[in-house]
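Remember, it's 1-based here, ligands and their atoms both numbered in the order they're listed. We count residues from 1, following the sequence as given. Values reported hereafter were calculated over all heavy atoms of this structure, with side chains retained and with hydrogens, waters and symmetry mates removed.
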Amino acid sequence: MTNRDATRPFAVITGASRGIGAEYARALASRGYDLLLVARDRARLDRLAEDLTTQHQVHADIALLDLAEPEAAHRLYTAAREFRPAVDLLINNAGFGSVGEFVAMPMARIQAMLRLHVNTIVESSRLFLPGMIERRSGAMINVASTAGFMPIAGMTEYAATKTFLIAFSEALAEEVRPYAVRVQVCCPGATLTDFHHTAGSHPKGPFKAQTAEEVVAASLNALGSGRTVVTTHWSGTLTDWLGRWVPRGVLARGAAWWMRRSKQR
Ligand SMILES: NC(=O)c1ccc[n+]([C@@H]2O[C@H](COP(=O)([O-])OP(=O)(O)OC[C@H]3O[C@@H](n4cnc5c(N)ncnc54)[C@H](OP(=O)(O)O)[C@@H]3O)[C@@H](O)[C@H]2O)c1
């Protein structure tokens with residue numbers, strides 16, 4: 001659906017059908033954003049788009065995309081441009097977890113995770129950022145995880161894709177900063193969503209789980225400050241600090257010990 005004349009800001013949110021993505025959608029609609037909500041679950045997206053349109057008088061549309069498919073970034077870019085040529089905020093949030101031994105993980109699941117957390121986000125950045133740079137305005141939020149602050153045996157590929165996303169976002173933020181474009185990497189700790197069910201785990205980090213509302217409030221509040229790495233709660237700040245200052249070998253063994261201990265409980 002085209003929406004070219006609107007004067008409201010426009011955000012594209014991936015993984016908007018539930019959890020943190022749906023919460024970004026609610027928070028941005030309440031701030032007057034028009035929205036393109038992206039995921040695979042049509043029923044949930046339709047319901048959310050309808051609710052937001054009714055409650056906030058914004059324009060919310062949906063795009064059904066499997067972002068783990070090879071051409072997903074191009075499809076996302078095309079869908080966004082059909083809605084409106086200029087995107088003010090892109091939120092790359094879609095993701096899923098996997099808990100278990102890497103060598104026992106189905107190859108298809110590993111490939112889907114790499115495409116979703118790495119390829120699609122890198123390619124989307126390459127497609128969406130030039131327009132923002134040209135307009136000297138716009139922002140991108142990549143949702144990573146505190147798991148990206150360290151190597152985690154038992155969540156090996158999940159943590160590694162999020163480590164990539166943090167490093168990618170930190171460098172990219174500096175490349176685009178001179179053009180008044182912002183890149184943020186939001187790193188939630190355990191958050192109460194369907195994520196843990198999909199990953200085959202329970203939210204059992206060492207700290208109390210947060211709500212999606214808390215994560216999104218911290219992320220959107222930080223957007224104005226220009227901070228690149230955003231954590232929520234003091235536990236997120238502590239995990240970030242541990243990841244930067246504790247020797248990698250100690251961190252890797254500590255995280256492996258924690259994962260083994262959690263499995264026994
Ligand atoms: N919850 C946590 O504890 C936690 C902690 C740290 C980081 N995170 C990160 O936060 C982000 C959001 O997770 P969440 O907690 O909100 O989990 P969630 O409730 O399971 O939501 C995941 C979202 O991603 C979408 N998605 C998954 N695979 C997709 C695909 N192939 N194509 C398109 N969309 C896809 C899902 O939509 P459909 O199924 O409808 O496609 C859903 O909207 C993820 O990147 C996750 O890694 C979560």
Structural part of A144 in contact with ligand 1, heavy atom criterion under 4.0 angstrom: backbone
E214 vs H233 side-chain heavy atoms within contact, under 4.5 Å: no
Close-contact set for ligand 1 against D41 heavy atoms, below 4.0 Å: 40 (O)
Salt-bridge present (R177, E174; N to O < 4.0 Å): yes
Exercise: do T237 and W241 side chains pair donor with acceptor under 3.5 Å: no
Other cluster members, L220 - Ile/Leu/Val/Met/Phe/Trp/Tyr, side-chain contacts below 4.5 Å: I13, I20, Y24, L28, Y33, L35, L37, L45, L48, L52, I62, L64, L89, I91, I141, V143, V215, V216, L223
Donor-acceptor pair between T232 and Q210 side chains, under 3.5 angstrom: yes
Expected output: side-chain D34 to main-chain V58 donor-acceptor under 3.5 Å: no
Proximal ligand 1 atoms for A68, defined as those under 4.0 Å from one of its heavy atoms: 31 (N)
D66 neighbourhood, listing ligand 1 atoms whose heavy-atom distance to it stays under 4.0 Å: 30 (C), 31 (N), 32 (N)
Check: A39 N/O within less than 3.5 Å of ligand 1 N/O: no
Sub-4.0 Å atoms of ligand 1 with respect to non-hydrogen atoms of L65: 32 (N), 33 (C)
From G236, G95, A199, A190 - option closest to atom 22 (C) of ligand 1 by heavy atom: G95
same_hphob_cluster(V229, I121) at 4.5 Å side-chain heavy-atom cutoff: no
Which of the ligand 1 atoms, numbered from 1, are nearer than 4.0 Å to a heavy atom of P188: 5 (C), 6 (C), 7 (C)
Structural part of L116 in contact with ligand 1, heavy atom criterion under 4.0 angstrom: side chain
Numbered atoms of ligand 1 (with element) below 4.0 Å of D194, judged on heavy atoms: 19 (O), 20 (O)
Distance-only donor-acceptor check, side chains S169 and N142, under 3.5 Å: yes
Under 3.5 Å: N/O of N93 near N/O of ligand 1: yes
Centroid separation H117 to Y158 less than 6.0 Å: yes
Under 4.0 Å to a heavy atom of A16 - the qualifying atoms of ligand 1, by number: 43 (O)
Non-hydrogen atom of G189 closer than 4.0 Å to ligand 1: yes
F10 ring center within less than 6.0 Å of H59 ring center: no
H117 near ligand 1 by a heavy-atom separation under 4.0 Å: no
More than 12 heavy atoms from other groups under 6.0 Å of OH on Y179: no
Mode of H196 contact toward ligand 1 - side chain, backbone, both, neither (heavy atoms, under 4.0 Å): side chain
For ligand 1, the portion of R44 having any non-hydrogen atom under 4.0 Å away: neither
Where ligand 1 meets S17 - atom numbers and elements under 4.0 angstrom, heavy-atom basis: 36 (C), 37 (O), 38 (P), 40 (O), 42 (C), 43 (O)
